[in-house]
Amino acid sequence: MKLTVLGSGSTGNAVLICTEKTKVLVDCGLSAKETLRRMAQVGVDCADLNAIIITHEHSDHACGLRVFLKSVDCQVYISEATENSYYTTRKNVKDVASEAVKRRDALKNRIEKIESSVDFRIGDIDFEPFSVPHDAADNFGFVAVNDGVRVATLTDLGCLTTLVKEKLQGCDAIVIESNHSRDMLRACPLYSWDLKQRIMARTGHLSNEDLSEWLTHEFDGAARHIVLAHLSQRANEPHLARLMAQTALQMRPSLFKAETKITLSHHKEPTDWIGF
Ligand SMILES: [Zn+2]
Ligand SMILES: [Zn+2]
């Protein structure tokens, strides 16, 4: 199994998880054109795509879906609550009613209904979804399993619950949000007080500090790769996010030193493939 984060951030998220037989796109938050361009860049033919999974309806995870579906003929794995919210999500859409109709048409006969806490399988990859705290209808993270390799992906979550921490144990790679620096967010002049409260809430986005706390004190050290995702372009700095994660790993008790590589994802370009 291998993965690449095609793009991640508040402007759009998409991850590719592939085996020899199965190719799955997780979220479609970049424009259709950009998703196709980046898939070509990492050497995946869109005709070979087996499925698209939508984790939640926020536009940075689903806004490219409708147009992208014209270029591929695979099914969309989505929960009922997320599907319903997808039809009415307004952000960046001028005419909500006509967009809703277009979205319904695009998804007609293309849906595989999933539940955010019931395992499902696509080709030779098993998916173990689990609910995460976020201000969307039914957001989930998941562990993808193939041939004993476990890869976790969770991009939007306000805090690390007991369930999330449990699911992250024994994973070989983890793609996880490192959204903002708390100080940078507080000082950011471009965000309203309300928006800052939304981001910092337990159903908002995970901070560098939250992630560091978990890396030092609770991460089991199993993952060889941790990919930092969904970095805020206004309230974070890539080198700061990386430094904080690396420092947090070094602060683990010496008995539990981890051989873990930190990779940054970008909003503008795909990461290198991470393979197992
Ligand atoms: Zn979200
Ligand atoms: Zn997001």
Side-chain angles (χ1 to χ4, degrees), residues 3-17 24-30 34-35 38 52-65 77-79 82 85-86 89 91 114 116 127-144 150-161 163-165 167-168 171 173-181 185 198-212 214-215 223 225-236 238 241-242 245 262-271 274:
L3 74 94
T4 167
V5 177
L6 290 180
S8 187
S10 47
T11 49
N13 294 274
V15 177
L16 266 179
I17 298 178
V24 177
L25 179 69
V26 180
D27 286 337
C28 202
L30 304 162
E34 194 57 25
T35 309
R38 294 189 199 188
I52 302 165
I53 296 174
I54 299 294
T55 61
H56 66 298
E57 72 279 12
H58 286 165
S59 59
D60 58 321
H61 296 261
C63 75
L65 180 64
Y77 289 65
I78 190 168
S79 80
T82 297
S85 300
Y86 169 66
T89 293
K91 206 179 163 195
I114 53 169
S116 55
F127 288 87
E128 302 173 4
F130 51 90
S131 288
V132 294
H134 188 56
D135 50 8
D138 186 26
N139 189 22
F140 63 86
F142 61 81
V143 179
R150 300 175 65 80
V151 170
T153 302
L154 58 173
T155 52
D156 293 42
L157 74 168
C159 60
L160 291 155
T161 59
L163 172 68
V164 170
K165 290 173 188 174
K167 297 290 183 182
L168 292 180
C171 287
I174 299 171
V175 179
I176 190 166
E177 171 160 53
S178 190
N179 181 262
H180 58 275
S181 137
L185 180 62
R198 215 210 97 197
I199 295 169
M200 281 191 280
R202 289 179 67 78
T203 53
H205 290 278
L206 203 69
S207 68
N208 298 345
E209 289 83 355
D210 293 327
L211 183 64
S212 293
W214 172 76
L215 283 171
H225 294 276
I226 291 181
V227 183
L228 306 183
H230 220 297
L231 268 70
S232 166
Q233 286 159 248
R234 291 173 171 170
N236 211 347
R242 183 202 288 275
I262 301 285
T263 299
L264 282 171
S265 63
H266 302 274
H267 65 284
K268 277 193 171 158
E269 56 182 1
T271 62
I274 293 172

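Sequential numbering from 1 along the given sequence is applied to the chain's residues.
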Does the side chain to side chain contact (heavy atoms under 4.5 Å, CB included) test come out yes or no for Asn13 and Thr55, once each step is laid out? CA-CA 11 Å; Asn13 294 274; Thr55 61; over 6 Å; no

d(Ser207 OG, Asn236 CG) to nearest 0.5 Å is 9.0 Å

Nearest 0.5 Å please: distance from the NE2 atom of His180 over to the CG atom of Leu206. 8.0 Å

If I take atom CD1 from residue Ile262 and atom CZ from residue Arg242, how far apart are they, to the nearest 0.5 angstrom? 8.0 Å

Set of residues satisfying side-chain contact (heavy atoms from CB on, under 4.5 Å) with respect to Thr203, sequence neighbours excluded: Asp135, Ala201

Sorted by chain and residue number, the side-chain hydrogen bond (donor to acceptor under 3.5 Å, both in side chains) partners of His225 (sequence neighbours excluded) come out as none

Closest non-hydrogen atom pair between Ala241 and Leu231, with its separation: CB-CD2, 3.9 Å

Nearest heavy-atom pair of Thr4 and Pro270: which atoms, and what distance? OG1-CB, 3.9 Å

To the nearest 0.5 Å, tell me how far Lys167 NZ sits from Ser131 OG. 10.0 Å

Quick check: closest heavy atoms across Leu168 and Ala152, and the distance to 0.1 Å? CD2-CB, 3.7 Å

Can you list everything that forms a side-chain hydrogen bond (donor to acceptor under 3.5 Å, both in side chains) with Ser178? Sequence neighbours excluded, please. Asn208

Donor-acceptor pair, distance only, cut-off 3.5 Å: does the side chain of Thr271 make one with the backbone of Ser265? no

Please identify each residue that fulfils side-chain contact (heavy atoms from CB on, under 4.5 Å) with Ser79, with sequence neighbours left out. Ala81, Thr82, Asp138

Thr153 and Leu3, any side-chain heavy atoms less than 4.5 Å apart: no

Closest non-hydrogen contact found for Ala137 with Glu57 is N-OE2, 3.0 Å

For Ala144, what residues pass the side-chain contact (heavy atoms from CB on, under 4.5 Å) criterion, not counting sequence neighbours? Met1, Ile17, Ile125, Phe127, Phe142

Which residues pass the side-chain contact (heavy atoms from CB on, under 4.5 Å) test with Lys165, sequence neighbours left out? Leu160, Trp214, Glu218

CG of Asn179 to CD1 of Ile199, rounded to nearest 0.5 Å, is 6.5 Å

Please step through side chain to side chain contact (heavy atoms under 4.5 Å, CB included) for the pair Val15 and Val227, ending with a clear verdict. CA-CA 11 Å; Val15 177; Val227 183; over 6 Å; no

In sequence, state the C-alpha distance, the side-chain angles, and the governing distance for Ile54 and Asp27, and then conclude on side chain to side chain contact (heavy atoms under 4.5 Å, CB included). CA-CA 5 Å; Ile54 299 294; Asp27 286 337; 4.2 Å; yes

For Phe140, give me all partners under ring-ring contact (aromatic ring centres under 6.0 Å, His included), at least two apart in sequence or on another chain. none

Taking every non-hydrogen atom, the tightest pair across Val132 and Gly141: CG1-N, 3.8 Å

Just verifying a value: how many Å separate His266 NE2 and Gln233 CD, rounded to the nearest 0.5 Å? 11.5 Å

With sequence neighbours left out, the residues meeting side-chain hydrogen bond (donor to acceptor under 3.5 Å, both in side chains) with Ser85 are none

Do the side chains of Asp210 and Cys159 get nearer than 4.5 Å, heavy atoms only? no

Tell me every residue that passes salt bridge (Lys or Arg N to Asp or Glu O under 4.0 Å) with Arg150, counting only those two or more places apart in sequence or in another chain. Glu128

ring-ring contact (aromatic ring centres under 6.0 Å, His included) filter on His230, not counting sequence neighbours, yields His61, His205

Apply side-chain hydrogen bond (donor to acceptor under 3.5 Å, both in side chains) to Thr35 and list each qualifying residue two or more places apart in sequence or on a separate chain. none

For Phe130, which residues count as a ring-ring contact (aromatic ring centres under 6.0 Å, His included) partner, sequence neighbours excluded? none

Indicate yes or no: at least one non-hydrogen side-chain atom of Leu157 is less than 4.5 angstrom from one of Asn139. no

So, do Val175 and Ile274 sit near enough that their side-chain heavy atoms are less than 4.5 Å apart? no

Decide yes or no on side chain to side chain contact (heavy atoms under 4.5 Å, CB included) for Asp60 and Asp156, but give the supporting numbers first. CA-CA 10 Å; Asp60 58 321; Asp156 293 42; 4.2 Å; yes

